[in-house]
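One structure is given here, and the rest of the page talks about it.
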Amino acid sequence: MSAFQTSLSFCMALSFSPCARGGRDFWWVRGSGRSCSRRMNVEKRLKREAEENVEEEAVEAKYSRHEPEDRRSRHCPYLDTINRSVLDFDFEKLCSISLSHINVYACLVCGKYFQGRGLKSHAYIHSVQFSHHVFLNLHTLMFYCLPDNYKIIDSSLEDITYVLKPTFTKAQISNLDKQAKLSRAYDGTTYLPGIVGLNNIKANDYANAVLQALSNVPPLRNYFLEEENYRAIQRPPGDIMFLLVQRFGELMRKLWNPRNFKAHVSPHEMLQAVVLCSKKNFQITKQGDGVDFLSWFLNALSSALGGNKKKKTIVTEVFQGSMRIFTKKLPHPDLPSEEKEALLENEEYQEKMLESPFMYLTLDLPTAPLYKDEKEQLIIPQVPLFSILAKFNGITEKEYKTYKENFLKRFQLTKLPPYLIFCIKRFTKNNFFVEKNPTIVNFPIT
């Protein structure tokens, strides 16, 4: 009997019975030929991957510093097959066949991603099957020719690596606001770096609006354009929140890249990080609230950068201010006036003050008119920005109702941040539908 038949018969003979060992009950689980077969398939797959890794190491060793440079490296005959119009590095770096993110190469002829470049790898098979020969390692930024397996060295390929991973010097960052120069994409369209469209993958326009606005705040932009500013931040093992910082930095550099191949950017990787870090509270395929996303994103970004109540980050330095909130509890409106006066003298109904930080200010619009004018048309009202900002002058009071109690609140700003974010509440929700307030807010441009 062969070793395979012996192991198979052993697996089939396992019974479901307990045995005592060291004061604990251990259970034998009834095996099956199918589970044994699956185990053998896993062993074969692991063996195959190990062989591919050995081939990869052999290929890398060939081009180590101890070996002379291949003569073909600087004279590759396939460089004219590169198609820059199909290259798109905005999407997740996954092999299109194995869906693995390890050792991924981009085919520069068709733009697809494949894993490995050993003799049995997906990239190698693709190069032989379709005669696509030039590949780029998305991690090391090295170019290779397959199936010949030699590294390509050519300065004309530098524009491709720059699109994949844009970099900015301090001098370039300091000159971004001094000169507004139009750039020309590979397809001939002109665009202004920083004023670049974000693709709406399905229902992520609410997040795109927030990301676009944040990318044009100079201190925040300058911080994330230079990766050295946050690369050395230490995070606990297994913490996934720092992925948010990395993806936001990558998106910022792509938006401000003056050498893009196209005049738009896909925020796919950024939004994947948002879905993961928010535990699917904000998704690509489902509409969300822009204010809720802004609030979560700023706090999550600050926390991922190591910020807390004592330690400030670039986010809190740019956007965080402080205010005083004065709160007074109101008696129930149905109570007699004598009982109301008696309750107002209690300590519970006295005005209380609380110091609170804020990242943005929520502004309330006046109620839109319900009736038409004499011309049988609905007039869209207009209100100046200073009128709705009166909410925070420390004098204007507003009543807030909860399920059980009513409160009278007023707000007084004590410290303004360098950049102030206003969120105007246009939507009100009742038991039947969501209503939008069309009031126009006039604000000074200069």
Side-chain angles (χ1 to χ4, degrees), residues 87-93 163-166 168 176 180 182-183 185 187 189-225 240-241 243-302 304-305 314-315 318-319 359-363 419-427 434 436 441:
L87 299 184
D88 189 352
F89 301 121
D90 294 341
F91 292 91
E92 198 171 2
K93 310 301 186 293
V163 169
L164 173 59
K165 192 173 183 181
F168 291 82
L176 284 176
L182 288 173
S183 298
D187 58 2
T189 57
T190 57
Y191 67 96
L192 190 64
I195 315 298
V196 180
L198 287 175
N199 292 349
N200 188 14
I201 299 173
K202 188 169 184 182
N204 57 287
D205 46 350
Y206 71 97
N208 287 0
V210 173
L211 296 173
Q212 280 278 21
L214 294 178
S215 68
N216 284 275
V217 179
L220 191 72
R221 174 202 65 193
N222 297 348
Y223 180 86
F224 281 97
L225 285 181
I240 62 172
M241 295 304 293
L243 183 65
L244 205 65
V245 177
Q246 294 174 324
R247 294 291 181 258
F248 186 60
E250 292 171 3
L251 179 65
M252 191 78 76
R253 289 189 288 275
K254 288 178 180 178
L255 286 173
W256 285 91
N257 182 8
R259 298 160 59 184
N260 272 328
F261 286 166
K262 54 189 184 303
H264 57 88
V265 174
S266 176
H268 187 267
E269 286 187 296
M270 175 73 232
L271 294 173
Q272 289 278 50
V274 167
V275 173
L276 180 65
C277 295
S278 68
K279 298 180 180 178
K280 297 186 178 181
N281 287 330
F282 302 100
Q283 299 187 28
I284 302 174
T285 58
K286 185 179 179 182
Q287 279 290 348
D289 185 82
V291 179
D292 293 341
F293 174 72
L294 173 68
S295 177
W296 172 84
F297 184 71
L298 291 179
N299 287 286
L301 199 63
S302 180
L305 290 169
I314 184 64
V315 178
V318 173
F319 296 116
M359 288 285 193
Y360 60 91
L361 298 178
T362 303
L363 305 180
Y419 289 84
L420 193 57
I421 301 176
F422 295 141
C423 295
I424 300 174
K425 290 184 64 176
R426 290 193 177 274
F427 296 92
V434 177
K436 181 181 179 181
V441 179

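The shown structure was predicted, so the numbers you read here are calculated from the model rather than taken from an experiment.
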Checklist entry - Where the side chain of Y191 meets the backbone of P258, is there a donor-acceptor pair that is under 3.5 Å apart? => result yes
Item to check | Donor-acceptor pair, side chain of N257 and main chain of R253, under 3.5 angstrom | outcome: no
Item to check | Side chain N204, main chain I201, donor-acceptor under 3.5 Å | outcome: yes
Item to check | Check: N299 side chain, S295 main-chain N or O, donor-acceptor pair, under 3.5 Å | outcome: yes
Checklist entry - Counting only N and O atoms by type, is there a donor-acceptor contact under 3.5 Å from the side chain of Q283 to the main-chain atoms of K280? => result yes
Item to check | Intermediate values then yes/no, salt bridge (Lys or Arg N to Asp or Glu O under 4.0 Å), E269 and K93 | outcome: CA-CA 9 Å; E269 286 187 296; K93 310 301 186 293; 3.1 Å; yes
Next on the checklist: So that I can tick it off, tell me whether D90 and K254 are bridged by a salt bridge, with the cut-off set at under 4.0 angstrom between side-chain N and carboxylate O.
Outcome noted: yes
Checklist entry - Sub-3.5 Å donor-acceptor pair from the side chain of Y419 to the main-chain atoms of P219, do we have one? => result no
Item to check | Note, K425 side chain near L363 side chain (heavy atom, < 4.5 Å) | outcome: no
Item to check | Which atom of L244 lies closest to which atom of A300, heavy atoms considered | outcome: CD2-CB, 3.8 Å
Checklist entry - With side chains defined as the heavy atoms from C-beta onward, is the minimum distance between N260 and V265 less than 4.5 Å? => result yes
Checklist entry - Hey, what do you get for NZ (K202) to OG1 (T285), rounding to the nearest 0.5 Å? => result 5.5 Å
Checklist entry - Can we call the ring centroids of F282 and W296 under 6.0 Å apart? => result yes
Item to check | Ring center gap for F248 and F224 short of 6.0 angstrom | outcome: yes
Checklist entry - Nearest heavy-atom pair of V275 and S278: which atoms, and what distance? => result O-OG, 3.6 Å
Item to check | Side chain to side chain, V441 and F422, heavy atoms closer than 4.5 Å | outcome: no
Next on the checklist: For V196 versus A263, what's the shortest heavy-atom pair and its separation?
Outcome noted: CG1-O, 3.4 Å
Next on the checklist: Checking L211 against F297 for the side chain to side chain contact (heavy atoms under 4.5 Å, CB included) test, could you report, in this order, the C-alpha distance in whole Å, the side-chain angles of both residues, the deciding distance, and whether it holds?
Outcome noted: CA-CA 10 Å; L211 296 173; F297 184 71; 4.2 Å; yes
Item to check | Worked verdict on V291 versus V210 for side chain to side chain contact (heavy atoms under 4.5 Å, CB included) | outcome: CA-CA 9 Å; V291 179; V210 173; over 6 Å; no
Item to check | Audit row: D88, K262, side chain to side chain contact (heavy atoms under 4.5 Å, CB included) steps and yes/no | outcome: CA-CA 9 Å; D88 189 352; K262 54 189 184 303; 3.4 Å; yes
Next on the checklist: Walk me through whether V163 and F89 qualify under side chain to side chain contact (heavy atoms under 4.5 Å, CB included).
Outcome noted: CA-CA 8 Å; V163 169; F89 301 121; 4.0 Å; yes
Next on the checklist: Main chain of S215, side chain of W256: is a donor-acceptor contact present, judged purely on distance under 3.5 Å?
Outcome noted: yes
Checklist entry - Can you check whether L255 reaches N216 side chain to side chain, under 4.5 Å on heavy atoms? => result no
Checklist entry - Do you see a donor-acceptor pair shorter than 3.5 Å between the side chains of D205 and N208? => result no
Item to check | Nearest heavy-atom neighbours spanning P193 and S183 | outcome: CG-OG, 3.6 Å
Checklist entry - Could you state the interatomic distance from OG1 (T190) to CG (L182), rounded to the nearest 0.5 Å? => result 5.5 Å
Checklist entry - What distance do L276 atom CG and M241 atom CE have between them, rounded to the nearest 0.5 Å? => result 9.0 Å
Next on the checklist: I'd like to know if the side chain of D289 and the backbone of D292 have a donor-acceptor N/O pair within less than 3.5 Å.
Outcome noted: yes
Item to check | Flag side-chain contact, heavy atom, 4.5 Å: R221 against L176 | outcome: yes
Checklist entry - If you measure from CD on E250 to CE on M270, what distance do you get to the nearest 0.5 Å? => result 10.0 Å
Next on the checklist: Is any side-chain heavy atom of N199 closer than 4.5 Å to one of H264?
Outcome noted: yes
Checklist outcome for this item: Rounded to the nearest 0.5 Å, the CZ atom of F319 sits from the CG atom of L214 at a distance of 5.0 Å
Next on the checklist: Show the nearest heavy-atom pair for residues L220 and V318, with the distance to one decimal.
Outcome noted: N-CG2, 4.4 Å
Checklist entry - Between L305 and V315, is any pair of side-chain heavy atoms under 4.5 Å apart? => result yes
Item to check | Minimal non-hydrogen separation, C277 against I240, with atom names | outcome: SG-O, 3.5 Å
